[in-house]
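Both counts, for ligands and for their atoms, begin at 1 and track the order of listing. Numbering starts at 1 and runs along the sequence shown.
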Amino acid sequence: MKRQNIVILGTGGTIAGRAVSTSDNIGYTAAQVGIDQLVAAIPAVGDAGPVLIEQVAQIDSKDMSFTVWAQLAGRVNHFLARPDVQGIVITHGTDTLEETAYFLQRVCQPGKPVVLTCAMRPATALAPDGPQNLLDALSVARQPGAQGVVAVCAGTIHSALDVQKVHTYQLDAFSSGDAGPLGYVEEGAVRLLRNWPLAIEGRAKVAINHIADLARLTEWPRVEIVMSYAGASGMVVEALLTQGVQGLVVAATGNGTLHHALEAALLKAQASGIKVVRATRCLNGRVLPKPGDTLPDSNGLSPVKARVDLLLRLLD
Ligand code: SIN
């Protein structure tokens, strides 16, 4: 039987980064090496079956934009619909990988695997981590039964719903928090610990059926993140309201608590029709709702993912 394709979509990041010196792991420029070159440098890529390669973007992921998200979602949906495609691997910068992963899971709801991978060291490093991460991602994309958007880094598989970058430098830079990883990739074999992200999550499916609608959008809803901290005030919220913000996510302290001055401003914003969501700035755990809460919680989503969720709800 003819083996199905894995599509590799390049978007840039450190995995495609270039430094002047091989011993420099931080003074590089991200998004310099084309996806075709990255793949060509790893002869084992084609061992398990054919791959199709496409450069969708070439950016440092700190500069991720709605335009690139719409393009990427469009290409993902295009390839997912092809019967000759088993799964998709996306090379991406680590800095906003978790936002793109969550966005794609919500918008594309893939019934096939969509595997984001990355690197903490540039392609020019003495010992780059990108090639192994890419090979591991391919193993996950070829895994029978795999589905949904996941991230693969340092031999660990994370669900798009839980993954978060937690380290600035180490190669194992991601965590799934107290949910734990989805599994591991060991010498090309996938060891699964829990279920793949479901095609339709528990929360309401966002009714964005035509990705083209996203690509045509010239203005996405304006959703910003504010944070609660010692000495916080309502000033930032008030300034954002004058700028026409439509949604606010607050990275609250602990179990969703807010400085009283910030809370007063957020309640005023909510009363005026702005959507406000409370996430926590804690790395682990979620905001546990309790009777009498006046601001809705993020349903376990981190602040950046709660922002994506609110964006999509406002788009809907
Ligand atoms: C980026 O996010 O594009 C640069 C940083 C990285 O990939 O580690």
I want to check something: taking the side chain as every heavy atom from C-beta on, are Ile8 and Leu38 in contact at a cut-off of under 4.5 Å?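 Heavy-atom side-chain distance check fails, nothing below 4.5 Å.
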For ligand 1, is there an atom lying under 4.0 Å from some heavy atom of Ala173? no
If I apply the N/O under 3.5 Å rule, does His92 come out as touching ligand 1? no
Is the closest N or O pair between Lys62 and ligand 1 shorter than 3.5 Å? no
Residue from Val250, Asn255, Leu266 passing side chain to side chain contact (heavy atoms under 4.5 Å, CB included) with Arg278: Val250
Tell me the protein heavy atom at minimum distance from [atom], and give that distance in Å.
| atom | value |
| --- | --- |
| atom 8 (O) of ligand 1 | Thr94 OG1, 2.4 Å |
| atom 3 (O) of ligand 1 | Ser61 N, 2.6 Å |
| atom 5 (C) of ligand 1 | Thr14 OG1, 3.0 Å |

Geometric class of the Trp69/Phe103 ring pair [parallel <30°, tilted 30-60°, perpendicular >60°]: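 If you compare the ring of Phe103 with that of Trp69, the planes turn out parallel.
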How does Cys118 reach ligand 1, if at all, at less than 4.0 Å between non-hydrogen atoms: by side chain, backbone, both, or neither?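 Neither part.
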Show the atoms of ligand 1 that are less than 4.0 angstrom away from any heavy atom in Asp60. 1 (C), 2 (O), 3 (O), 4 (C)
Once rounded to the nearest 0.5 Å, what's the spacing between atom CH2 of Trp196 and atom CD1 of Ile157? 4.5 Å
Is Asp309 salt-bridged to Arg313, going by a charged N under 4.0 Å from an acidic O?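 Salt bridge present between Asp309 and Arg313.
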